[in-house]
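Worksheet for the structure shown next.
What's counted below: heavy atoms across the whole structure, side chains too, no hydrogens, waters or symmetry copies.
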Amino acid sequence: MNARSRRAEVRNPVLTLPSARALKAQQPQILALLAALLYDLQRDARQRADKAWGTRKAFIAAYWFTVAVYAGHIAKAVRPAHYSRNKATPFRVRQHGYAALAAVDWAEASRLYSERRDRFGLGTSQFPEGEVLLDDIPIARISYNGRIWPLGPFRPEMEPIYDNRIAADRS
């Protein structure tokens with residue numbers, strides 16, 4: 001590798017953008033959350049690219065591959081120095097009165113919550129909602145039906161972040 005190709009801004013052109021430098025100046029906890037979400041986006045986009053390539057949809061595969069590359073570049077540009085991308089289970093499901101559950105993605109967080117709900121057999125008024133945490137920061141909530149929603153009170157126009165009724169692998 002020559003001297004030029006070893007430079008970080010050559011390997012990751014996002015580092016040269018003023019917005020990337022402005023993002024890097026944010027609080028480490030916010031940067032860790034952003035990096036974790038971007039790495040999750042990268043993983044999901046790679047899976048969609050692989051699926052599209054497997055069904056010979058080259059243009060769709062190229063699109064998702066590009067999304068994955070940029071998500072990774074931006075995540076690397078903003079992640080704090082202490083951030084470890086190699087966490088096997090970046091998500092945690094927290095519920096009042098129950099032990100936390102580790103999950104690798106949205107689908108597993110929903111599935112683990114739903115399995116616990118079914119195992120205890122409690123109704124909606126007795127079984128508490130769950131919270132999805134990323135790097136110990138609450139980022140979403142899980143309703144009794146296993147759908148994952150943005151934080152805050154429910155509003156009729158809200159769309160779930162993850163809907164367990166819909167196949168997660170649509171491309």
Side-chain angles (χ1 to χ4, degrees), residues 12 14 20 22-51 64-65 67-171:
N12 184 354
V14 170
L23 277 170
K24 191 74 173 168
Q26 301 306 309
Q27 297 175 11
Q29 189 178 28
I30 298 300
L31 294 176
L33 174 62
L34 182 58
L37 287 170
L38 285 164
Y39 281 128
D40 184 61
L41 189 148
Q42 180 188 42
R43 181 197 50 74
D44 191 23
R46 280 184 178 161
Q47 287 175 346
R48 290 170 186 249
D50 289 345
K51 181 179 180 222
W64 284 117
F65 183 76
V67 169
V69 168
Y70 277 105
H73 277 315
I74 296 167
K76 288 175 191 160
V78 302
R79 72 179 178 207
H82 73 278
Y83 182 81
S84 171
R85 177 184 175 191
N86 297 325
K87 290 183 180 180
T89 55
F91 292 92
R92 283 187 330 130
V93 176
R94 182 172 65 186
Q95 244 180 312
H96 181 71
Y98 297 90
L101 301 167
V104 295
D105 57 18
W106 300 104
E108 186 176 34
S110 173
R111 182 182 56 76
L112 290 171
Y113 175 88
S114 296
E115 285 174 358
R116 178 183 275 172
R117 176 200 63 215
D118 296 344
R119 186 171 55 249
F120 284 94
L122 299 173
T124 187
S125 64
Q126 297 171 319
F127 194 70
E129 279 194 344
E131 262 187 329
V132 178
L133 294 99
L134 199 52
D135 279 347
D136 293 324
I137 302 169
I139 59 167
R141 62 184 182 79
I142 307 177
S143 60
Y144 182 79
N145 56 19
R147 288 187 211 113
I148 301 177
W149 302 89
L151 291 175
F154 178 79
R155 295 182 317 277
E157 71 276 4
M158 268 186 162
E159 290 191 29
I161 293 170
Y162 177 80
D163 191 337
N164 56 354
R165 300 173 299 177
I166 300 171
D169 60 352
R170 269 202 239 173
S171 53

Could you pull out the closest heavy-atom pair between Trp106 and Ile148, with the gap in Å? O-CD1, 3.4 Å
For Phe127, check ring pair (Phe, Tyr, Trp, His ring centres under 6.0 Å) against everything at least two apart and list the hits. Tyr98, Tyr113
Taking Leu122's backbone N and O only, do any of them form a donor-acceptor pair with Arg117's side chain (distance below 3.5 Å, no angle check)? no
Compare all side-chain heavy atoms of Trp64 with those of Lys51 and state whether any distance is below 4.5 angstrom. no
Identify, with sequence neighbours excluded, every residue that meets side chain to side chain donor-acceptor pair (under 3.5 Å) alongside Asn145. Ser143
Please give me the minimum heavy-atom distance between Trp149 and Glu159, naming the atom from each residue. CZ3-C, 3.8 Å
Could you note down all residue pairs passing salt bridge (charged side-chain N to carboxylate O under 4.0 Å, His left out) where residues 22-37 supplies at least one of them, sequence neighbours left out? none
Given the rule in the salt bridge (charged side-chain N to carboxylate O under 4.0 Å, His left out) test, do Arg48 and Asp44 qualify, once you have shown the distances and angles that lead to the verdict? CA-CA 6 Å; Arg48 290 170 186 249; Asp44 191 23; 3.4 Å; yes
To the nearest 0.5 Å, how far apart are CD in Glu108 and CG in Leu112? 4.5 Å
Over all atoms of both residues, closest heavy-atom pair of Ile139 and Leu151: C-CG, 3.7 Å
Heavy-atom count check: over 12 atoms from other residues, nucleotides or ligands less than 6.0 Å from Tyr70 OH? no
For Arg46 and Ala68 the tightest heavy-atom approach is CG-CB, 3.6 Å
For Gln47, give me all partners under side chain to side chain donor-acceptor pair (under 3.5 Å), at least two apart in sequence or on another chain. Arg43
From OG (Ser110) to CG (Asp163), nearest 0.5 Å: 8.5 Å
For Asp105, enumerate each residue passing the side chain to side chain donor-acceptor pair (under 3.5 Å) test, keeping only those at least two apart in sequence or located in another chain. none
Residue pair Ala77 / Val14: nearest heavy atoms and the distance that separates them: CB-CG1, 4.0 Å
Output for pair (Asp40 CG, Leu134 CG), nearest 0.5 Å, gives 7.5 Å
Return the minimal non-hydrogen interatomic distance between Ala103 and Ala109, and the atom names on each side. CB-N, 3.6 Å
Does Leu133 reach the side chain of Phe91, with side-chain heavy atoms less than 4.5 Å apart? no
Distance col, row Ile161:CD1 vs Arg147:CZ, nearest 0.5 angstrom, shows 13.5 Å
Here the gap from Leu37 atom CG to Ile137 atom CD1, rounded to the nearest 0.5 Å, amounts to 9.0 Å
Checking Arg119 now: which residues fulfil side chain to side chain donor-acceptor pair (under 3.5 Å) with it, not counting sequence neighbours? none
Knowing that exactly one of Glu131, Arg116, Glu129 qualifies, which makes a side chain to side chain contact (heavy atoms under 4.5 Å, CB included) with Gln95? Arg116
NE2-CZ distance between His96 and Arg94, expressed to the nearest 0.5 angstrom: 11.5 Å
